[in-house]
Each structure stands twice: as C-alpha cells, then as structure tokens.
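See structure below.
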Amino acid sequence: MTGLKLVAAIVAAAVAGFFLPSLAGGGTQIYSAFVLIAIFAVMSYGLDVIVADLGEVSLAHTVFFASGAYVTALLSTETSAGPLVTLLGSIAIGLAMAGILGLLTLRLRHFVFSLVTYAVAVVALNIAENWSVLGASDGLRGIPAFELFGYKAVTDAQLWPIAYLLLLVTLYVVYAFRRSKLGLAAMMVQFNPPLATISGHNPQIVRLQVFLLSAPISAVAGWLYAYQRAYVSADIMGIYFLVLMLTAVVVVGRRFLLGPLIGVALVVLQENFLSFGGYVDSIVIGLVLIGVLTMMPGGLVGFVERLLVRIRSRSGETT
Amino acid sequence: LSLLQQLINGLVLGHAYALIAIGWTVLLGVSRLVNFGHGELYMLAAFVAWYAIGPLGLPFPVAIVLSVLVGALVGLIIQRSLLRMTQEQDLVSIMIATLGFGYVIHGAAALVFGASAQMYDTPLSMADIYIDDIWITWQDIAIIVVTILFFIVLKYVIDHTRAGQSARMVAEDPKLAELSGIDVRRVYYMVFAFEGAAVAFAAAFVAPRTPILTSMGFEQVIMTFVVVVLGGIGSVTGSYVAGIALGLFTAFFGAFVSPAYTTAAVFTVLITVLVVRPGGLAAKAGDR
C-alpha cells in the first residue's frame with residue numbers, strides 16, 4: 001500500500017470506529033460500554049509505554065489516573081472550572097506526580113521499582129480514604145456535566161464523541177512516540193543500556209522522560225472518567241483498575257499499537273454483556289492474564305502469528 | 001497509652017512482620033523471584049485457619065497444619081505456572097502473573113468465604129496477662145517465640161544442611177548449579193512451596209490479632225515489601241532486624257502521631273532509605 005492509500009485507510013477506519021456503538025445497536029448500555037472502553041484504553045496506554053517500551057512494571061499508574069479524576073472533581077466543584085481548565089489541571093498533576101516519583105525512583109530498577117510503585121498505589125489509596133479534602137471514604141460528589149463550547153454531554157451517548165476523540169489522540173501520541181528519538185532510546189535502554197549510553201542517551205533521563213510522557217496519558221483518562229461517573233472515590237486506585245491495565249497491556253501483545261484497546265475492549269465487553277458476577281469475573285480476568293503469560297509469551301497476537309506460520313509451512317509441505 | 005505498652009506492641013508487631021515476610025525473603029534470595037500475590041496468600045491462609053477453627057470447630061494446631069498445607073499447595077501451583085518465566089528470568093511477566101494469581105485468589109476467597117469481616121480466637125489469644133496497666137495475650141507471646149524459633153531453624157537449614165546448600169548454590173548461579181548435579185527445578189518448587197507455607201504459618205498465628213477481610217491482601221503485602229527491601233534483598237537476619245524496626249516504628253507512630261497515616265509514614269521511611277541506599281540497609285556499599 002502506498003503512503004497515501006494507507007493514510008486514507010486509517011482515516012476510513014477511524015471514521016468507521018466512531019459509528020461502531022450505533023452499529024452495535026446504540027442503546028444506553030452499548031454507549032456506556034464504549035465510553036468506558038475508550039477511557040480505560042487511554043488509561044492503559046499510559047502504562048503501555050512503560051511496560052512495552054521501557055520494560056518496567058509501574059504499579060502506580062492507577063494513581064495518575066486517580067489524580068486526574070480527583071483534580072477534575074475538585075476544580076469543577078470548588079471553582080466551577082470547565083473541562084478545558086480541568087484538562088490542563090489533570091495534565092499538570094500527572095506531570096508533577098510523575099516528576100516527583102520519577103526522580104525518587106531514578107536509580108531503582110526491575111522489581112524494586114515495581115515494589116515502590118506498588119507502595120505508592122497503596123499509600124495514595126490510604127491517603128485518599130482518610131483525607132477530608134479528597135472527600136475521605138465518601139469520595140467527591142456533584143461533578144457537573146461535561147460542557148465545552150456550548151456542547152453539553154450528559155449521557156454516555158453524548159460523551160462518546162469526546163471519549164473517542166481522546167482515544168484517537170492518545171493512539172496518535174503513542175504511535176508518534178514509538179517512531180520518535182525518545183521511543184528508540186527507550187527501547188535501547190530496555191534491551192541494552194550500555195548501547196544507549198554509547199549512543200549518547202542517559203538511561204536515567206530517558207526513563208524519566210518516558211515516565212513524564214506516560215503519566216499525563218493516564219491522568220487525562222481520569223479527567224474524562226470523573227465526568228462520566230460524576231463522582232470520584234478512592235476505589236479507582238484499587239486492585240481492579242491495576243489488573244485491568246496490566247491485562248490490557250500484556251494480553252493482546254506488547255508493542256502492538258491497538259493491543260491495549262483490544263485488551264480493554266475484551267474485558268469491558270465480557271463484564272458488561274457476559275458477566276458471571278463480580279468475583280467470578282475477577283477469577284476469569286486473573287486466569288486469562290496468567291494463561292496468556294504462561295502459554296502465549298507473545299500475547300494473542302504472537303500466538304496467532306505462530307499459528308499462521310505453522311499453517312503456512314504445513315500447506316507448503318503438502319503442495 | 002504507656003511507652004512500655006507501645007514497646008511491647010511494637011515487638012509483637014515486628015515479629016509478626018518478620019514472620020509474614022520470611023517466605024518472600026527466601027524466595028527472593030534463592031530464586032530471584034518476586035510474588036505480588038503474597039498478601040493474598042496471607043489472606044487465604046488466614047481464612048483457612050478461621051474456617052477450620054470457627055465453622056469446622058477444629059483445634060488450633062490442626063488449623064495451622066491445614067493453613068500451611070493450603071499455602072504450600074498454592075505455592076507449588078504458582079511455581080508450576082511460572083517455571084518457563086523463572087528459567088528465562090522474565091521478571092516483568094513474573095510480576096504481572098503473580099499479581100494475576102493474587103487477583104484470582106482474592107476472587108475465589110470472596111466467593112467461598114464471603115465479603116464480611118471475620119474474627120477467630122485461639123486458646124492462646126483468649127488468655128490475657130495483665131501486669132499493672134500493661135496488657136498482652138499468650139498469642140502475642142507465641143508470635144514472638146515462634147518467630148524466633150522459626151528464624152533460628154531456617155538459618156540453620158540454610159547454612160548447614162544439604163537442602164540449604166543446594167538453595168544457596170542455585171541462588172549464586174542456577175546454570176552452574178545444574179551442571180554440578182543439582183535439580184534446579186526441584187529447588188524452585190521447594191522454595192515457592194516454602195514461601196506459601198511460611199506465609200500461611202504466619203497467618204495462622206498473626207491473623208487472630210485483628211478482624212480479617214478477603215479484601216485485605218492488597219494492602220497487607222506492603223509491610224512485607226518494606227521488610228524485604230530494608231532488610232537487604234534476600235537476607236534472613238536482615239529481614240528479622242528490619243521486621244522488628246518496622247514493628248516498633250508502626251506502633252509508636254500509630255500511637256503518638258496518627259494511626260490512619262501509618263502506611264504513608266512507613267512508605268516515607270522506605271523511600272528515604274531507597275534514595276540514599278538503593279540496595280537496602282544491609283547492602284554493602286557498591287552493591288546493586
């Protein structure tokens with residue numbers, strides 16, 4: 001395919017994606033599922049660049065997600081700020097928290113890094129449950145409806161265009177990052193830190209930069225989630241969102257651009273339309289996560305690729 | 001709340017932390033593995049003990065044995081699934097997979113045991129001792145004694161037995177250990193079974209102190225992280241000392257500053273230590 005045709009195909013797919021919920025029936029439940037898929041996918045892309053490109057496991061991305069949601073809740077209820085201001089606020093808090101955490105963990109790698117980020121998640125949950133400014137265990141309620149340039153989004157169907165746009169922008173950011181110098185440097189830092197150093201990259205600075213890129217992505221997902229749910233509470237820093245993100249990032253295939261989106265879609269659709277009840281659902285999602293990691297090292301995409309290779313070589317034998 | 005009472009509370013808590021963390025310490029020291037499902041294993045074992053003593057009416061020692069068996073079995077199952085990742089030292093997948101196991105255990109326990117808080121008593125926890133205004137139960141004393149004995153035996157096994165020697169060789173260099181005739185896979189299985197059994201053993205003794213919930217695993221595991229990291233990765237003696245220090249810190253901070261923010265305070269200590277010494281307190285200069 002030539003460059004122009006490829007661009008046309010991508011634009012066509014992007015436009016078609018927008019009409020998916022109405023093609024799927026367009027009911028309230030459908031739109032709500034699609035909006036959640038878009039929001040949680042954006043949240044997962046924040047973690048995706050850390051896991052897939054840096055090769056580290058951050059368990060603090062639920063905190064970035066939550067801080068975007070909390071800032072949105074606080075700004076919109078206390079100062080009646082609009083979505084544009086709360087969006088900037090979410091990005092700012094994401095950057096600030098990633099900066100602090102990034103600097104503190106600059107010298108930590110592998111499981112010590114993961115332990116510390118896990119600890120950050122537990123401590124943040126602890127603080128959110130106790131601090132009255134954040135509504136303590138009641139959370140923050142009364143977030144006004146999303147209203148920007150005269151467009152008011154009260155229902156999920158009305159929120160869908162915004163969620164979808166946010167998803168497209170995020171996909172583009174991750175795509176552009178992977179083709180950028182920073183993206184290349186991140187891969188070098190992951191697979192061969194000495195090589196990265198020789199080619200003029202400071203691994204610690206690269207890690208910090210990727211961290212600073214990833215946190216606002218998850219925070220912006222929190223921004224829209226606050227409007228979607230109209231209240232924010234500490235439970236969004238719990239294990240559910242952590243496992244959802246990790247599942248989305250690894251199940252389909254690492255460094256496969258649409259991976260997290262498909263992963264989130266599978267989980268959300270299962271929970272919304274094929275649910276066996278909360279506890280059984282968590283057993284299912286956990287088993288899927290373990291199953292893919294133990295039996296399909298390349299994720300679902302890698303599995304399908306190997307299957308195709310096997311089929312091809314077999315048909316080659318017979319002819 | 002007197003100073004002496006807090007000192008006693010801190011010592012009991014500290015021994016509890018050390019005992020809960022010891023499986024992780026050995027796992028990390030020998031297999032270079034981490035288990036993010038550790039907190040959920042603690043929760044599961046606590047509920048097994050509760051179920052044995054409460055609904056089934058079994059005696060406390062039988063409940064301990066049951067808990068330990070379940071813990072070891074789950075440990076073996078986890079290691080079985082992680083075997084390929086262990087041999088490839090694929091730490092990213094291991095961390096995520098053990099979180100997945102934790103999530104499955106959490107869901108299964110909530111399904112079987114319900115979501116409400118439970119309490120159970122043992123013959124020891126019902127026997128209190130009062131000296132003036134100082135209060136302690138025999139269960140607390142048992143935690144301290146059992147932990148000390150456990151650490152002494154473990155240290156002996158690691159330093160002076162064949163099994164300990166195999167484990168130390170695998171920790172040093174799995175490939176060379178394999179060449180010298182050690183069944184490395186068996187050592188990995190042994191170590192993960194020990195991790196599960198040890199945390200279950202700890203749970204049976206420690207859990208009667210507080211109400212237990214199937215949702216407690218997520219936060220529970222954090223004290224173990226702190227003990228393991230502060231104690232110097234994989235060091236048995238280090239994690240005992242770190243456990244006691246952490247117990248005293250939590251008791252005093254909780255009593256005199258703020259009980260709600262104890263976890264946050266402990267975390268601040270952890271971060272401070274890690275920024276100054278990324279390998280933990282017991283690490284030699286230049287290590288890691």
Side-chain angles (χ1 to χ4, degrees), chain A residues 51-52 54-57 59 101 103-116 118-127 129-131 136 190 237-240 242-244 246-247 249-251 254 277-295 297, chain B residues 28 32-34 36 40 78 80-85 88 90-112 115 214-215 217-222 225-226 228-229 233 258 260-268 270-272 274-275 278-280 288:
Chain A
V51 175
L54 270 187
E56 297 280 0
V57 182
L59 303 172
L101 190 58
L103 285 174
L104 286 175
T105 57
L106 205 56
R107 287 161 64 198
L108 307 178
R109 296 214 56 187
H110 301 312
F111 73 87
V112 183
F113 174 79
S114 302
L115 289 188
V116 171
Y118 187 100
V120 168
V122 173
V123 169
L125 180 75
N126 203 251
I127 291 174
E129 274 174 345
N130 287 293
W131 195 19
Q190 176 180 176
M237 280 180 277
I239 183 88
Y240 170 78
L242 188 58
V243 172
L244 172 62
L246 289 167
T247 308
V249 167
V250 300
V251 160
R254 285 173 232 182
Y279 296 137
V280 180
D281 281 353
S282 66
I283 297 175
V284 169
I285 185 174
L287 287 179
V288 167
L289 186 57
I290 300 163
V292 167
L293 284 167
T294 49
M295 289 177 277
Chain B
L28 196 54
R32 309 264 161 234
L33 284 190
V34 287
F36 279 90
E40 308 294 353
I78 297 179
R80 175 68 198 87
S81 335
L82 297 182
L83 210 55
R84 184 187 52 79
M85 298 173 229
E88 290 170 8
D90 180 1
L91 214 55
V92 168
S93 297
I94 290 170
M95 289 193 285
I96 300 175
T98 54
L99 264 170
F101 268 107
Y103 203 52
V104 172
I105 295 172
H106 175 204
L111 208 59
V112 175
T214 48
S215 57
F218 182 61
E219 288 198 45
Q220 172 64 43
V221 71
I222 199 147
F225 290 175
V226 180
V228 168
V229 173
I233 317 282
S258 155
Y261 291 110
T262 318
T263 322
V266 167
F267 173 71
T268 315
L270 173 73
I271 279 290
T272 316
L274 279 176
V275 168
R288 209 174 270 275

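It should be emphasised that the depicted structure is a prediction, and the values quoted were computed from it without experimental measurement. Order of the sequence lines sets the chain letters (A, B, ...), proteins ahead of strands, with each chain counted from 1.
For chain A, no part of B/I94 is nearby; none of its heavy atoms comes within less than 4.5 Å. Proximity to chain B is limited to the side chain of A/L59, based on heavy atoms less than 4.5 angstrom apart. At a 4.5 Å heavy-atom cutoff, the contact between A/V51 and chain B is made by side-chain atoms alone. With a 4.5 Å cut-off on non-hydrogen atoms, A/V250 touches chain B through its side chain but not through its backbone. Contacts of B/I222 with chain A are made by side-chain atoms alone, with heavy-atom separations under 4.5 Å and no backbone atom involved.
Ranked by heavy-atom pairs under 4.5 Å with chain A, the list B/V266, B/L99, B/T268 is led by B/L99. For the options A/I239, A/L246, A/V284, heavy-atom pairs under 4.5 Å to chain B are most numerous at A/I239. Contact tally against chain A (heavy-atom pairs below 4.5 Å) for B/V92, B/L83, B/V228: the top residue is B/V92.
When every heavy atom of B/G107 is checked against every heavy atom of A/Y279, the shortest pair comes out as O-CB, 3.6 Å. Between A/I283 and B/V104, the shortest heavy-atom distance links the atoms O-CG2, 3.7 Å. Here the closest non-hydrogen pair linking B/F267 and A/V116 is CE1-O, 3.9 Å.
Taking the six-membered ring where tryptophan is involved, the planes of A/Y118 and B/F36 are tilted, since the angle between them lies from 30° to 60°.
With rounding to the nearest 0.5 Å, the separation of CG in A/L104 from CD1 in B/I271 is 5.0 Å. Considering CE of B/M95 and CZ of A/F113, their distance stands at 9.0 Å, rounded to 0.5 Å. In this structure, the separation between OG1 on B/T98 and CZ on A/F111 is 12.0 Å, given to the nearest 0.5 Å.
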Name each donor-acceptor pair under 3.5 Å that joins a side chain in residues 285-295 of chain A to protein atoms two or more places apart or in another chain, with its distance.
residue	atom	partner	partner atom	Å
A/T294	OG1	A/I290	O	2.8
A/T294	OG1	A/G291	O	3.2

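Evaluation of the salt bridge (Lys or Arg N to Asp or Glu O under 4.0 Å) rule for B/R80 yields no partner, not counting sequence neighbours.
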